[in-house]
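Some notes on the structure that comes next.
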Number of protein chains: 2
Amino acid sequence: MVRQRTKETGGSTARQRLTVQDWADAALAAMGEGGLAAVAVEPLAVRLGTTKGSFYWHFTNRDALIEAALDRWAETRTETVIAELADEPDPGERLRRLFLRATRRAAEDPLEVSLLASAADPRVAAALARVTDRRIGHIAALFAELGFPEDEAHRRGLLAYTAYLGHTQLSHAVPRSLPAGPARDRHLDTLLETLLRPAGTPGAGPDVRQANPQRRVTEPAAERG
Amino acid sequence: MVRQRTKETGGSTARQRLTVQDWADAALAAMGEGGLAAVAVEPLAVRLGTTKGSFYWHFTNRDALIEAALDRWAETRTETVIAELADEPDPGERLRRLFLRATRRAAEDPLEVSLLASAADPRVAAALARVTDRRIGHIAALFAELGFPEDEAHRRGLLAYTAYLGHTQLSHAVPRSLPAGPARDRHLDTLLETLLRPAGTPGAGPDVRQANPQRRVTEPAAERG
DNA sequence: GCACCTCCATACGGTGGCGTATGTTTTTAC
DNA sequence: GTAAAAACATACGCCACCGTATGGAGGTGC
C-alpha cells in the first residue's frame with residue numbers, strides 16, 4: 001500500500017507521486033488503528049514518506065481528507081464482496097459464502113469497527129447509512145430469492161446483518177470468546193442455519209414454512225480464500 | 001452528574017470537592033462521546049467546573065484516569081443490570097428482560113460502542129475481556145437453567161451476546177434500520193425466540209445444514225440493489 | 001489561633017498537530 | 001530546451017493539551 005520513497009538513494013529512485021486515493025487509503029488505515037482522531041496529516045505524511053506540502057496540494061484541509069476516505073470506503077468495501085460472489089448461481093450458497101467471507105474480512109480489518117464507533121460524526125453516519133442499507137438490502141434480496149416473502153426476507157436480512165456486526169465486534173474485542181480454526185466456519189454455519197430455519201413468525205405469520213426435511217448442503221470446505 | 005460550582009456567588013456556595021469517581025465518570029462520558037482520544041484532562045476539568053490542579057491531585061497522569069475509568073465501567077455497567085433482575089424467578093423471563101433492558105441501555109449510551117472500538121488498547125481489551133466473559137457466562141447460565149446442556153447453553157449464550165452487540169451497533173450507527181416503538185420489543189422477542197427454539201445441534205455432527213424453503217429460483221436480475 | 005494537611009488555582013515550559021506562505025523540484029507543453 | 005504548471009519541501013505562527021511547580025483557600029487538631 002505505502003509507496004516506497006527512498007529519499008537519497010542516488011539515481012535509481014523512481015520517486016512516486018501520490019494521488020488523492022493514496023492519501024485516502026492511508027487515512028482509512030490510520031482510522032482503523034486509532035479512530036477518527038488518528039487521521040492526522042503530519043503522521044500520515046511520515047507514513048507515506050512525504051510531507052504536509054504534498055497533502056495540502058491535494059486537499060484543502062483535514063476534513064476534505066476524511067470525506068474522501070469515507071467515500072472511498074463506502075464504494076470499495078461493500079461492492080467488491082458482493083461482486084466477487086455474483087457468479088455463484090445458488091442463492092443459498094451465495095448467502096453462505098458472503099457471510100463467511102464478510103465476517104472473515106471484518107475480523108482482519110479493524111476499520112469497520114472504528115467507523116461504527118464514530119457514528120457521532122455526521123459524515124461517518126451518512127457513509128454508514130449508505131453502506132448498511134446496501135448490505136441489508138442485498139442480504140434481504142438473497143433471502144427473497146430463497147423463497148421468503150418480502151417482509152420476512154427483510155427481517156431475516158436484518159437479523160443476519162445484526163449477527164455479522166456482533167460477530168465482528170466480538171472477534172476484535174475478545175477473539176478468544178469465539179471458536180477458532182475449523183470450528184469457526186461451523187459456528188457461522190449453524191448461525192446461518194438458524195436464520196434460515198422457518199420460524200413460527202407469530203406476528204404476520206404465514207403458515208407455510210414448516211419443518212425442514214432433509215436439508216443438506218455443500219460442505220463447509222469450499223470457502224477457503 | 002456534573003457538580004455545580006458557581007464560582008463567586010457570595011456565601012451560599014457549597015463548593016463541592018471532587019472525588020476520583022467524579023473524574024472517572026466524566027472520563028467515561030467523554031469517552032462515549034469522542035472515544036479514548038477525547039479523554040483529555042483540561043476539557044474534563046472545564047466540564048467539571050474545576051482545573052487541572054484538581055486532577056493532578058487525584059491522579060498521577062492521564063493514563064491513571066483511563067485505568068480508573070475502565071475499572072469503574074467494568075464494575076458498574078454489568079453487575080447492576082444482572083443484579084436488578086435477580087429477583088425474577090423464571091429464568092426465561094429473566095433472560096428476556098435482561099435482553100430487553102441491556103439492549104435499551106446500550107442504545108442510549110454510546111460508551112460501550114466506543115470501548116469496543118478501542119480494543120486495540122491493552123487496558124481496554126482487558127476490561128472488555130472481563131466484562132464479556134462475565135456476561136456470556138451469565139447468559140449461558142440462564143440457558144442452562146432453561147434446560148439446555150452445558151455446551152449448548154454456552155453456544156446459545158454466545159449467539160445471544162453476538163445479537164446484543166450487533167443490535168447495539170445498528171442502533172447507534174443506523175437507528176432507522178431497526179424497528180422502533182412497540183415493534184422494537186417485538187423484534188427483540190422474535191430474536192430471542194429464535195435463540196430459544198430447539199435447533200439441530202451442531203456438535204454431534206448431523207448432516208442437516210442450511211435450509212432452502214421452497215426454492216423459487218429467480219432470475220439473477222434480482223441482484224440489483 | 002496557629003500550624004498543618006487537603007484540595008484546588010494559576011502560571012509556566014514542552015510537544016504535536018493544523019493551516020499558510022513561500023521556496024524548490026519534477027513534469028508537461030510546445 | 002525553456003516556460004509554465006503540477007507536485008512536493010521547508011519554515012513559520014498558532015492552538016490544544018500534557019505535566020510540573022508553586023501558590024493560595026479551607027477545613028482540622030489541639
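Each chain gets a letter, A, B and so on, in the order its sequence line appears, and its residues count up from 1. Since this is a predicted model, take the numbers as computed values, not measurements. As a basis for the values below, the full set of heavy atoms in this structure was taken, side chains included, without hydrogen atoms, waters or symmetry mates.
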TODO: For Asn61(A) and dC14(D), give me the distance from atom CG to atom P, rounded to whole Å.
DONE: 20 Å

TODO: Would you mind telling me which residue lines up with the more 5' stretch of DNA chain C, Pro43(A) or Thr60(A), judged by nearest nucleotide?
DONE: Pro43(A)

Task: Atom-pair distance (CZ on Phe55(A); P on dC8(D)), nearest Å - done: 13 Å

Open item on the list: Using OP1 and OP2 only, check whether a side-chain N or O of His58(A) sits under 4.0 Å from dC8(D).
Closed with: yes

TODO: Report the distance from atom CH2 of Trp57(A) to atom P of dG23(C), rounded to the nearest whole Å.
DONE: 16 Å

TODO: Given side-chain contact (heavy atoms from CB on, under 4.5 Å), test Leu115(A) with Met31(A) step by step and report yes or no.
DONE: CA-CA 8 Å; Leu115(A) 283 173; Met31(A) 210 161 178; 3.4 Å; yes

TODO: Evaluate the criterion side-chain hydrogen bond (donor to acceptor under 3.5 Å, both in side chains) for residue pair Arg130(A) and Thr78(A); output intermediate values, then yes/no.
DONE: CA-CA 10 Å; Arg130(A) 235 168 90 199; Thr78(A) 295; over 6 Å; no

TODO: Identify which nucleotide among dT20(D), dC18(C), dC8(C) has an atom closest to any side-chain atom of Tyr56(B), counting heavy atoms from C-beta outward.
DONE: dT20(D)

- [ ] In whole angstrom, give the distance that lies between atom CG of Leu18(B) and atom P of dA25(D).
- [x] 19 Å

- [ ] Start with the C-alpha distance between Glu84(B) and Arg105(B), add both sets of side-chain angles, then the distance that settles salt bridge (Lys or Arg N to Asp or Glu O under 4.0 Å), and finish with yes or no.
- [x] CA-CA 13 Å; Glu84(B) 278 172 16; Arg105(B) 298 212 177 157; 3.0 Å; yes

TODO: Give a yes/no answer on whether the side chain of Thr50(B) brings an N or O atom under 4.0 Å of OP1 or OP2 in dA9(C).
DONE: yes

- [ ] Report the distance from atom CZ of Arg17(A) to atom C1' of dT28(C), rounded to the nearest whole Å.
- [x] 10 Å

- [ ] Report the distance from atom CZ of Phe59(B) to atom P of dC7(C), rounded to the nearest whole Å.
- [x] 13 Å

TODO: May I have the distance from Glu42(B) (atom CD) to dC8(C) (atom C1'), rounded to whole angstrom?
DONE: 15 Å

Task: Interatomic distance, Leu44(B) CG vs dA16(D) C1' [rounded to whole Å] - done: 14 Å

Please table the atom pairs, donor to acceptor, closer than 3.5 Å between any side-chain atom in residues 66-74 of chain B and protein atoms at least two apart or in another chain.
from     : atom 1 : to       : atom 2 : distance (Å)
Arg72(B) : NE     : Asp25(B) : OD1    : 2.6
Arg72(B) : NE     : Asp25(B) : OD2    : 3.4
Arg72(B) : NH2    : Asp25(B) : OD2    : 3.4

